[in-house]
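Whatever order the structure lists them in is the order used to number ligands and atoms, beginning at 1.
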Amino acid sequence: MKIEVFDIPEEGLALAVEETPKIEGVKIIQPFKAILRVDKRGVEVFIKGVVSGEVELQCGRCLKEYILPIKTLLEVTYHPVQHLNKEELIELKRDEMDVDFYREGLIDTEDIIRDQILLNIPMKPLCSEDCKGLCTICGTDLNYSECGCIVQEIDPRMAILQSLLRRMKANG
Ligand SMILES: [Zn+2]
Ligand SMILES: [Zn+2]
């Protein structure tokens with residue numbers, strides 16, 4: 001939903017919303033929930049709350065899809081973007097950890113939830129810290145079975161020597 005900054009009452013707002021933001025490479029099966037407390041002071045808006053839900057990611061090692069639950073607290077101060085010049089924007093970003101901006105008097109709760117999901121998704125998703133991944137030779141999922149492939153790295157100089165020896169034997 002979109003929060004109209006102008007309509008936020010003196011005593012603030014308590015919101016419970018559900019959103020399913022679109023994020024590339026991330027599957028969201030059920031809507032994310034957010035419980036938010038919204039307060040306004042002048043043109044600044046303070047939003048505090050909790051965002052929770054689940055995303056489906058693909059493990060970077062075994063390529064299996066897995067569910068990652070996310071539950072996170074947020075505390076963000078919103079400033080109207082048109083009231084600030086560039087130096088002020090940079091200044092704000094440095095001073096406050098969680099700063100965001102709103103445009104045209106609107107704050108979209110879908111954006112709030114999307115930001116929290118993005119902050120909580122690992123750079124390299126893994127179904128488990130000790131996922132063994134796939135065999136690079138036969139593709140067997142090593143979490144379930146062993147394939148017996150021997151992964152050996154042959155020194156290229158040794159390979160030349162081996163083929164020379166083989167040829168000598170063949171000729172002799
Ligand atoms: Zn895995
Ligand atoms: Zn194998």
Side-chain angles (χ1 to χ4, degrees), residues 1-3 14-38 46-78 92-103 106-172:
M1 72 173 274
K2 291 196 168 66
I3 302 169
L15 297 175
V17 292
E18 291 194 352
E19 301 278 7
T20 310
K22 284 207 169 58
I23 304 174
E24 229 188 271
V26 178
K27 239 185 264 170
I28 297 171
I29 298 148
Q30 289 193 353
F32 262 70
K33 291 187 171 71
I35 310 279
L36 304 172
R37 168 83 210 164
V38 184
F46 307 95
I47 301 185
K48 259 197 222 187
V50 56
V51 168
S52 60
E54 288 178 348
V55 292
E56 194 178 296
L57 301 172
Q58 190 182 41
C59 175
R61 283 191 201 145
C62 70
L63 310 179
K64 208 169 44 197
E65 315 251 277
Y66 71 102
I67 299 284
L68 175 74
I70 291 175
K71 187 165 191 174
T72 180
L73 296 172
L74 73 134
E75 200 168 338
V76 186
T77 305
Y78 284 84
L92 275 173
K93 274 284 179 199
R94 201 169 31 217
D95 288 355
E96 293 173 53
M97 284 284 288
D98 292 312
V99 167
D100 215 328
F101 306 97
Y102 65 86
R103 272 162 227 282
L106 294 171
I107 300 172
D108 195 337
T109 56
E110 186 180 331
D111 294 337
I112 296 176
I113 291 177
R114 180 185 296 106
D115 288 349
Q116 294 305 314
I117 295 172
L118 287 171
L119 283 170
N120 284 279
I121 287 179
M123 292 276 283
K124 282 188 184 159
L126 291 179
C127 66
S128 108
E129 271 305 317
D130 41 41
C131 171
K132 295 193 187 89
L134 305 177
C135 170
T136 51
I137 296 170
C138 71
T140 293
D141 188 335
L142 301 173
N143 295 303
Y144 295 108
S145 53
E146 276 175 35
C147 55
C149 294
I150 299 160
V151 182
Q152 61 179 178
E153 287 186 20
I154 298 170
D155 185 326
R157 285 163 301 181
M158 283 300 288
I160 292 168
L161 199 64
Q162 274 176 347
S163 73
L164 267 177
L165 283 170
R166 229 174 285 140
R167 219 176 303 160
M168 278 167 70
K169 263 189 209 153
N171 293 338

Q) Glu110 and Lys22: salt bridge (charged side-chain N to carboxylate O under 4.0 Å, His left out), yes or no, with the steps? A) CA-CA 9 Å; Glu110 186 180 331; Lys22 284 207 169 58; over 6 Å; no
Q. Closer than 2.8 Å to the Zn ion (ligand 2), which protein N, O or S atoms?
A. Cys135 SG, Cys138 SG, Cys147 SG, Cys149 SG
Check: [Y] and [X] side chains under 4.5 Å, non-hydrogen atoms:
{"X": "Ile23", "Y": "Leu118", "result": "yes"}
{"X": "Phe32", "Y": "Thr109", "result": "no"}
{"X": "Ile35", "Y": "Val51", "result": "no"}
{"X": "Ile70", "Y": "Val55", "result": "yes"}
{"X": "Ile3", "Y": "Leu15", "result": "yes"}
{"X": "Arg61", "Y": "Leu134", "result": "no"}

Q: Using the Zn ion (ligand 1) as the apex, give the angle to atoms SG (Cys131) and SG (Cys59), rounded to 10 degrees.
A: 110°
**Q.** Angle subtended at the Zn ion (ligand 1) by SG of Cys127 and SG of Cys62, nearest 10°
**A.** 110°
